[in-house]
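Contents: one structure, followed by commentary.
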Amino acid sequence: MNAAIPAVDFAGVDFKRGERTILGRATFAVEPGEFVGIIGGNGAGKSTLLQLTMGLLAPSRGEIRVFGAPPRATHGTIGYVPQRIELDPDVPLRARDFVALGVDGAKFGIPFPSARRRSLVDAALADVGATPFADKPAGRLSGGEQQRLAIAQAIVGRPKLLLLDEPLANLDLSAAAGIVETTARIARERGITVLLVAHDVNPLVRYMDRVLYLANGRAAIGAVDEIVNEDTLSRLYDRPVDVLRVRGRIIVVAGDA
Ligand SMILES: Nc1ncnc2c1ncn2[C@@H]1O[C@H](COP(=O)(O)OP(=O)(O)OP(=O)(O)O)[C@@H](O)[C@H]1O
Ligand SMILES: [Mg+2]
């Protein structure tokens, strides 16, 4: 009964740094194939949650499972796009070489034959819309183009779970919308589960299945309307929160503590 096993399962997870609780009793499950947006302010613990999911950090208490296995045993099943990708303008790599870095290593270190490798890279480049600049120097591309390459590098090894840490930061509205739309399409076509970290819920609303909201060491998961409302967010933040809807956009105003 594989379908019953969540892609990501946090059960009563505490994570502390020193005395500070970053996550307290976080309990949620993400189903295979779901697209979940992780929303929270600076320092809310969004990147920490991704690192726990990858097994780079261990919980102080509770249990994490990725497709039923401990995170450390998930070699090759997770693709990751870190926060702040920065390519040196002079890095001597073409876009396609940068993407190819994601091929090996993902699969137990057994190198792919070059024809197979090339077809994986071409498919990933096409999926993110990077074919037109595949042979340009990666470091000379725009922020939005580099973000597409980073996603291609993360999916080229055919992961089952894709973790994206603020892929929309520093992008204008239309580039951000393009990245979200592209990610959602790839996830659907390749059957990948996605956790995408963002500050703002708006670019994700049309595409995500559920939102995981982090505040105050607490996590709440659900449909956007279930979570992004004054009751739920005021409880999560432990103080009055206003949720305004202006011209189809959702604006969250959390008062001072
Ligand atoms: N290596 C570290 N050592 C000590 N504290 C850390 C470390 N990394 C993060 N923190 C602290 O843990 C908390 C959560 O950090 P995290 O990076 O997960 O937040 P975030 O939600 O991703 O924030 P941002 O939106 O700024 O990226 C922050 O208060 C941060 O200062
Ligand atoms: Mg972060």
Side-chain angles (χ1 to χ4, degrees), residues 8-28 30 35-64 66 71-72 74 78-87 143-144 146-147 150-151 153-154 161-173 175-176 179-180 183 193-205 208 210-222 224 227-228 232-239 241 243 250-257:
V8 178
D9 193 8
F10 275 50
V13 170
D14 284 356
F15 183 77
K16 292 188 195 320
R17 291 194 188 275
E19 289 298 290
R20 217 184 128 211
T21 297
I22 312 292
L23 282 180
R25 294 301 182 99
T27 299
F28 61 87
V30 174
F35 187 133
V36 171
I38 301 178
I39 310 289
N42 286 126
K46 306 179 298 296
S47 297
T48 301
L49 190 146
L50 296 190
Q51 299 197 315
L52 287 162
T53 304
M54 289 185 284
L56 298 176
L57 296 172
S60 330
R61 188 157 88 170
E63 221 181 6
I64 300 172
V66 176
R72 283 182 162 288
T74 54
I78 301 181
Y80 172 55
V81 177
Q83 194 168 358
R84 284 183 284 272
I85 50 156
E86 279 169 44
L87 296 179
Q146 289 188 7
Q147 194 56 250
I151 295 170
Q153 191 192 75
L161 173 65
L162 178 60
L163 308 177
L164 304 138
D165 200 345
E166 306 231 15
L168 313 182
N170 305 318
L171 301 185
D172 64 32
L173 282 178
I179 292 288
V180 176
T183 304
T193 309
V194 176
L195 300 186
L196 188 155
V197 170
H199 272 99
D200 180 11
V201 78
N202 286 291
L204 300 174
V205 169
M208 67 184 163
R210 289 191 297 163
V211 60
L212 178 64
Y213 217 104
L214 298 182
N216 237 358
R218 291 195 275 258
I221 194 168
V224 173
I227 303 297
V228 190
T232 308
L233 291 188
S234 297
R235 248 182 289 130
L236 201 61
Y237 280 90
D238 231 347
R239 61 184 200 246
V241 174
V243 177
I250 302 174
I251 299 170
V252 175
V253 185
D256 292 334

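Being a predicted model, the structure only gives us computed values, none of them experimental. First listed ligand is number 1; within each ligand, the first listed atom is number 1.
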Would you check ligand 1 and list the protein residues that come within less than 4.0 Å of it by any heavy atom, ordered by chain and number?
-> Arg17, Arg20, Ile22, Gly41, Asn42, Gly43, Ala44, Gly45, Lys46, Ser47, Thr48, Gln83, Glu166, His199
Examine all N, O or S atoms of Ser47, backbone included, and report whether one is under 2.8 Å from the Mg ion (ligand 2).
-> yes
The Mg ion (ligand 2) contact by Gln83, N, O or S atom under 2.8 Å | yes
Indicate yes or no for a side-chain donor-acceptor contact from [X] to the backbone of [Y] under 3.5 Å, with no hydrogens or angles considered.
{"X": "Asp14", "Y": "Gly24", "value": "no"}
{"X": "Thr21", "Y": "Gly217", "value": "no"}
{"X": "Thr27", "Y": "Gly12", "value": "yes"}

State, with a plain yes or no, whether a side-chain heavy atom of [X] is found less than 4.5 Å away from one of [Y].
{"X": "Arg218", "Y": "Arg235", "answer": "no"}
{"X": "Gln83", "Y": "Leu50", "answer": "no"}
{"X": "Leu49", "Y": "Phe10", "answer": "yes"}

Can you say whether the rings of Tyr237 and Tyr213 are parallel (under 30°), tilted (30 to 60°) or perpendicular (over 60°)?
-> perpendicular
